[in-house]
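The structure appears below as structure tokens.
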Amino acid sequence: MMMNINKYITSIGAFLLLFMSLYITACKDSFLDVKPSTDIVSPKTLDDFQQMLDYPRINQTSALPFLASDEYSIPEEKDWLAQSNLERNVYIWSDDRYGGQTSIEDFNYPYEGIFYANSVISGMENLKETGSDRKKYNHILGQAYFARAFACFDLVKNFAAPYDAVSTGKELGIPLKRSPNIDQVVERSTIQENYDQILSDLNRATSLLDALITANRNRANKPSAYALAARIYLSMRDYESAEKYADSCLVLYDKLIDYNTVSLTAAAPFTLGNEESMLYSTVGRNYSLVLYASTQNMSIDTDLYNLYTDNDLRKFIFFSKNAANGLIKTKRGYSGSSRFPYSGLATDEIYLIKAECAARKNELYTCKDYLFKLLSKRYKTGTFTMDNFSTQDEALKKVLTERRKELVWRAGLRWDDIRRLNKEDANISLTRRLGNRTYLLEIGSPRFTFPIPTNESIFYTNNK
């Protein structure tokens, strides 16, 4: 595939300072409040390369899986009609999801992050013999490999079919950009090649990154690299490896927030640098339906909302309910004051990965133990009792229910779970109702994969 994405990033070098200054000025969170150096367009020092990796596009993710998932609904057809063409089409899983739009930011942003990561990886080769601080050098290089893996995974989990060990060696995934050369012609790799590259980059990252989580939550660290590996292996349904990396993460960092200490009424209950967040990231595109506390007439799915009991603090910390019309809105989450949904890596997700992997091994005591550690901090003090489960099926059902409740509106994980769980014969189909019309997303439908935008696909007709 000849990468038309090059057109998108050609101007990055020339306008990098402008992009950084405009975006950073808009950010109120202190760790993003960095002052870009005039040398950033021609980096010469380790600090220059670190500033490149602090650029806000690094680690931003697609909002499309939020739009397509079953976590919310639009009650009235008139409110659906008020959305953008893309939002309407993705909501009903139309074959033409982009409505004729040829350039999609959800596809472009990760490649912009990959461009910066590649620029750092390539540029730092020239610093190897400068006698620079080796620990600092390694940590910055590790961040670059992490950023490339993070962006590539976001692309492949949205714009390629779900991982399947039997077929992914033949099915086409995304183009892999390993060079900052914008003129490089790149064809689509197989899905297996995509994952091989992602996991190779992550292995390199974990060998280089510091274990310490600092106030700069946008910078990768060793626990977040292990956490990303656990998330990826879970999506691949390699539960043995997912558990291994979840364990590696929790050995280094296992903090949980006691939700009894969190405000039930605040619109932004969490700080950006909250204890559970190992790596900060948000979606990159501000579709109105996706934003926290959206003013649009959308509502969190009532079946999902009804899973929470009144003793479950998440019911009040995660959501607000309009008494007049019954619409349920998401409050701001682990993104702090930002209205953009959190798509980073936090310890609660890793506890749930560990619990699920234990359930799949029929290690019921371990599964129960990790669920208890998490859920005892989610309920009103003195009200939580752990459900008893005597079979593997009961344990797995409990874990998957808690994934829905805990990770709601988080990183598009619900959409990812539907894709992988249907590979486990979960038989999850999705339905939307608008007026007198019903829209169905059938089990196994290719519409569970977002198409690569047409301004990219016109160059690979022979590779479909």
Side-chain angles (χ1 to χ4, degrees), residues 31 43 46-61 110-125 127-128 132-157 174 176-180 189 193-214 216-236 238 241-253 277-281 343-347 349-350 353 411:
F31 76 76
L46 290 178
D47 288 339
D48 291 341
F49 286 111
Q50 181 64 71
Q51 286 192 60
M52 290 183 72
L53 291 171
D54 287 339
Y55 177 54
R57 282 285 183 256
I58 293 288
N59 298 339
Q60 286 192 337
T61 62
Y111 275 111
E112 191 176 342
I114 290 168
F115 170 81
Y116 287 112
N118 285 336
S119 296
V120 172
I121 292 168
S122 177
M124 288 185 69
E125 290 291 326
L127 294 181
K128 282 191 172 180
S132 302
D133 183 328
R134 178 56 54 181
K135 183 178 180 181
K136 183 176 181 180
Y137 176 96
N138 286 345
H139 186 57
I140 294 171
L141 186 59
Q143 290 176 61
Y145 278 108
F146 176 94
R148 189 165 73 179
F150 191 89
C152 283
F153 179 59
D154 188 63
L155 285 162
V156 74
K157 74 184 181 66
I174 61 162
L176 290 171
K177 292 284 285 183
R178 301 183 182 92
S179 167
S189 302
E193 289 170 333
N194 289 162
Y195 279 90
D196 288 345
Q197 179 66 51
I198 291 165
L199 295 172
S200 174
D201 282 348
L202 263 186
N203 285 335
R204 185 75 185 275
T206 53
S207 71
L208 295 167
L209 288 166
D210 289 346
L212 181 66
I213 296 177
T214 69
N216 296 306
R217 289 294 208 276
N218 59 318
R219 297 180 182 179
N221 46 68
K222 200 181 293 288
S224 64
Y226 285 138
L228 179 58
R231 178 188 285 179
I232 292 170
Y233 277 114
L234 189 79
S235 75
M236 298 170 67
D238 182 345
S241 296
E243 183 177 29
K244 168 189 168 184
Y245 284 100
D247 285 338
S248 296
C249 172
L250 294 175
V251 164
L252 295 176
Y253 196 82
S277 180
M278 293 175 283
L279 180 92
Y280 171 77
S281 170
S343 59
L345 294 151
T347 49
E349 179 186 352
I350 308 308
I353 290 175

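This is a predicted model, so every value here is computed, not measured. In what follows, every heavy atom counts, from backbone to side chain, and hydrogens, waters and symmetry copies are set aside.
Listed here is the closest heavy atom pair of G142 and A205: O-CB, 3.5 Å. Nearest heavy atom pair, residue V120 against residue A144, reads CG1-CB, 3.8 Å. Heavy-atom minimum distance, A230 versus A246: CB-N, 3.7 Å. Considering all non-hydrogen atoms of both residues, D154 and P110 come closest at OD2-CG, 3.7 Å. Nearest heavy atoms, G113 versus I58: O-CD1, 3.6 Å. Closest non-hydrogen pair, F150 versus S343, comes out as CZ-O, 3.7 Å.
Q60 and E112 share no donor-acceptor pair across their side chains, judged by distance under 3.5 Å alone. Under the 3.5 Å distance criterion, with hydrogens and angles disregarded, no donor-acceptor pair is assigned to the side chains of S200 and N203. Side-chain contact annotation: N118 with R178, donor-acceptor N/O pair under 3.5 Å absent.
Looking at L127 and F49, their side chains come closer than 4.5 Å, going by heavy atoms from C-beta outward. Side-chain contact between Y55 and M52: absent, with no pair of heavy atoms (C-beta onward) separated by less than 4.5 Å. Under the 4.5 Å side-chain criterion, counting only non-hydrogen atoms from C-beta, Q51 is not in contact with L46. Side-chain contact between Y233 and I353: absent, with no pair of heavy atoms (C-beta onward) separated by less than 4.5 Å. Between R148 and K177 there is no side-chain heavy-atom pair separated by less than 4.5 Å.
When atom types are taken as modelled, the side chain of S224 and the backbone of A220 share no donor-acceptor pair closer than 3.5 angstrom. The closest donor-acceptor contact from the side chain of N59 to the backbone of G344 lies at 3.5 Å or more, if one exists at all. A side-chain donor-acceptor contact under 3.5 Å links R217 to the backbone of S277.
Partners of Y195 according to the ring-ring contact (aromatic ring centres under 6.0 Å, His included) rule, which considers only residues two or more places apart in sequence or in another chain, are Y163. Shown here are the salt bridge (charged side-chain N to carboxylate O under 4.0 Å, His left out) partners of E349, two or more places apart in sequence or in another chain: R231. For K222, there are no salt bridge (charged side-chain N to carboxylate O under 4.0 Å, His left out) partners two or more places apart in sequence or in a different chain. Residues passing the salt bridge (charged side-chain N to carboxylate O under 4.0 Å, His left out) test with K136 are D47, sequence neighbours excluded. Under the rule for a salt bridge (charged side-chain N to carboxylate O under 4.0 Å, His left out), the partners of D247 that lie at least two apart in sequence or sit in another chain are K354.
With values rounded to the nearest 0.5 angstrom, F146 atom CZ is found 11.0 Å from T206 atom OG1. Note: M278 CE to L228 CG = 10.0 Å, rounded to the nearest 0.5 Å. Considering CD1 of I350 and CD of E243, their distance stands at 12.5 Å, rounded to 0.5 Å. Note: F153 CZ to T61 OG1 = 11.0 Å, rounded to the nearest 0.5 Å. Atom CD1 of I198 and atom CD1 of I232 lie 5.5 Å apart (nearest 0.5 Å). Between the SG atom in C152 and the CD1 atom in I174 there is a gap of 5.0 Å [rounded to 0.5 Å].
Both tests hold for R134 against Y137: distance to the six-membered ring centre under 6.0 Å, angle to the ring axis within 45°.
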Hey, can you pull the donor-acceptor pairs under 3.5 Å for the side chains in residues 207-214, sequence neighbours left out?
unit_1 : atom_1 : unit_2 : atom_2 : d
S207   : OG     : R204   : O      : 2.7
T214   : OG1    : N216   : N      : 3.2

